[in-house]
**Student:** 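Attaching a single structure in C-alpha cells format; questions to follow.
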There are 2 protein chains.
Amino acid sequence: MVVAAAEEVVRREGVDALTMRRVARELGSSTMALYRHVRDRDELLVLLLDRAAAELPRPPLPREPRRRLLVLFKFLYDGLVRSPWVVPVLVKGDLMAPSVLWLMEEIVAAFVAAGMTPEQAAEAYLTVWRFTVGELVISQATANQTATLDCRPRQLALLSSVDPDELPTLAALADYWPKARARKSYRTRVAAILDGLLAST
Amino acid sequence: MVVAAAEEVVRREGVDALTMRRVARELGSSTMALYRHVRDRDELLVLLLDRAAAELPRPPLPREPRRRLLVLFKFLYDGLVRSPWVVPVLVKGDLMAPSVLWLMEEIVAAFVAAGMTPEQAAEAYLTVWRFTVGELVISQATANQTATLDCRPRQLALLSSVDPDELPTLAALADYWPKARARKSYRTRVAAILDGLLAST
DNA sequence: ACCTGAACACCGTTCAAGT
DNA sequence: ACCTGAACACCGTTCAAGT
C-alpha cells in the first residue's frame, strides 16, 4: 500500500512531491507509520523503480551480439529515462532493482558471446553503465531546466559568445551546441562506444 | 572575499558544510549579505570550481590526436575528481567554468585534427563528456558510501547472492564486482571509447 | 550600495509514548 | 506489531526595514 500510494503521488504530482509526509497523507496515516514498512525515502524510490521495471515487456533480442547489446542498452536507458530521479539513488547505493537483473545478465552474456572473457564483459558493462548514468543525469537536468523556464542566462554559460581568436573551434560551433544538446542520440553514441569496446578484444 | 571564505569552509569541513549560513559566519556577516555578491548557492559552487581550475597547471600535450585526447580528458577528469560535488551543478546549468574553456577548445580541436568535421567533433566531445559525468557521479557516490560506513547491506543490493541457474553469467562474476568497482580505470575506459569514436570517421 | 533579522515554508528522521 | 504527535536540527531564500 505504501508503494502504491507513492506511485500515485508521483504519477499525479511528480517526484518532487514525493515526501514522506505527502505519502502518509495519501494513505491517511501518520508520517512515521511509513517507517514501519520502508527503511527510508531512498528505499521507497527503489521499490517504485522495481515495480515500474517489472511492468515493462521484454524486448525481442537479435541473435548477433552487437545488435543484441544495442537493444539491451536501449531498453535499459529507455526504462530509466521514465524515472531518471531514481538514478542518483541507484548510484548511491550501488543498487539494481531485482526485476532488471535479467537485463544485466543478458548484457554481460552478450559481451561474452562477442568474444570477451567474463571479466572483460563485466568491465565493458561497467563502462557503458557509466556512460548511461551520465546521459541520464544530463537528460534529466536539461528537462528540469526547460521545465522551470530558468531562461535568465547564468553569466557563466558563455559558450555562444566566445572569443574567436582565442577559441576558434568553439567559436565556429557557437550555434551548433543548442541543436546538439536537444538531439536525442543515446543509441548512436552507445553504438560508437560499443564499437570501441568490441574492437579491443 | 565570499569565494575565499567558501573555499576555506570547504577545505576545512568539506562541501556538506558549505551552507550560506556557514559562509556568512566565516565572514562575520549576516547570511543575507552574501546574496548581494552571489546569485545563489549554485553560483558560489561554480565560482569555487573556476578558481580551483584556474590554479591547475596545463599539462604538456602530445602531438598525436588520440594521445592528446587521452591527456586532455584525463586532465578534465582529474580536475573534477577533486571537486565532484560541483558536477551536478555544472550539469544542471549546462555550465562550464570559464577558466577551462581552453580545455574544451583543445578537445574539440583534437577531434578535428583526427579527421572529424567540427560537428562530429562536438558530438564526440558530448559523448565522452557524458561518460565522464557518469564516472564522476559514480566515483563520488562510492566515496560517500565508504565515508559514511553505510555497511548495513540494503536488501536490494543482491549481486553477490544470485541464483546461478537463472543468472549464470552474473553468478560466475559474484566476487569480481567489488574488485572491479574499486579499480580506478577512467583512462582505460576512455581510451576504448575514443577508439570507437575515432573509428567511425 | 550594502547589510540585517525575522520569517516562510518546508525537509527526513529520532524518539518516547501510546494501542 | 503497528501507529502517533511532538520535536530536532536544519535548509535556501523572500522580504521589509534599516544605514
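Treat the numbers as computed from the prediction; the structure is a model and nothing was measured. Lettering follows sequence order; numbering is per chain, from 1.
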**Student:** Could you state the atom-to-atom distance from CG of A:Asp16 to P of C:dC11 in whole Å?
**Tutor:**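 Atom-to-atom, A:Asp16 to C:dC11, this comes out as 11 Å.
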
**Student:** Are there more than 12 heavy atoms of other residues, nucleotides or ligands under 6.0 Å from atom CD of B:Glu8?
**Tutor:**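 Yes - once you tally the heavy atoms of other residues, nucleotides and ligands closer than 6.0 Å, there are more than 12.
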
**Student:** Just N and O in the side chain of A:Arg36: are any of them under 4.0 Å from OP1 or OP2 of D:dC3?
**Tutor:**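 For D:dC3, neither OP1 nor OP2 has a side-chain N or O of A:Arg36 closer than 4.0 Å.
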
**Student:** For A:His37 and D:dC3, is the shortest distance between a side-chain N/O and OP1 or OP2 below 4.0 Å?
**Tutor:**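 For D:dC3, OP1 or OP2 has a side-chain N or O of A:His37 closer than 4.0 Å.
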
**Student:** Please report, rounded to the nearest Å, how far the C1' atom of C:dT14 is from the CG atom of A:Asp40.
**Tutor:**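 Computing the A:Asp40:CG to C:dT14:C1' distance gives 14 Å.
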
**Student:** For residues 68-85 of chain A, dump all side-chain donor-acceptor pairs below 3.5 Å to protein atoms at least two apart in sequence or in another chain.
**Tutor:**
residue : atom : partner  : partner atom : Å
A:Arg68 : NE   : A:Pro62  : O            : 3.0
A:Arg68 : NH1  : A:Glu106 : OE1          : 3.3
A:Arg68 : NH2  : A:Pro62  : O            : 3.4
A:Lys74 : NZ   : A:Asp78  : OD1          : 3.3
A:Lys74 : NZ   : A:Asp78  : OD2          : 3.0

**Student:** May I ask you to test the B:Glu123-B:Thr127 pair for a side-chain heavy-atom distance under 4.5 Å?
**Tutor:**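 SC-SC contact between B:Glu123 and B:Thr127 confirmed.
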
**Student:** Side-chain contact test, heavy atoms from C-beta onward, threshold under 4.5 Å: evaluate it for A:Leu27 versus A:Leu34 and give yes or no.
**Tutor:**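 Side chain of A:Leu27 against side chain of A:Leu34, heavy atoms only: contact under 4.5 Å found.
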
**Student:** Return yes when atom CD of A:Glu166 has more than 12 non-hydrogen atoms of other residues, nucleotides or ligands closer than 6.0 Å, and no otherwise.
**Tutor:**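 Result for CD/A:Glu166: open.
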
**Student:** Measure from CG on B:Leu45 to P on D:dG12 and round the result to the nearest Å.
**Tutor:**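 One finds 10 Å between P of D:dG12 and CG of B:Leu45, rounded.
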
**Student:** Sticking with atom P, work out how far C:dA9 lies from D:dA9, rounded to a whole angstrom.
**Tutor:**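 Straight-line distance between the two P atoms is 24 Å.
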
**Student:** Considering only heavy atoms, which members of residues 20-35 of chain B lie under 4.0 Å from some atom of DNA chain C?
**Tutor:**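 DNA chain C contact set from residues 20-35 of chain B: B:Arg21, B:Ser29, B:Ser30, B:Met32, B:Ala33.
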
**Student:** Is any side-chain heavy atom of A:Arg51 closer than 4.5 Å to one of A:Val3?
**Tutor:**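 Heavy-atom side-chain distance check passes, below 4.5 Å.
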
**Student:** Sort out the partner of C:dT13 for me: Watson-Crick or G-U wobble, both distances under 3.5 Å, none otherwise.
**Tutor:**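 Its partner is D:dA7 (Watson-Crick or G-U wobble, both distances under 3.5 Å).
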
**Student:** Watson-Crick or G-U wobble partner for D:dA1, using a 3.5 Å limit on both distances?
**Tutor:**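 Looking at the geometry, D:dA1 pairs with C:dT19.
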
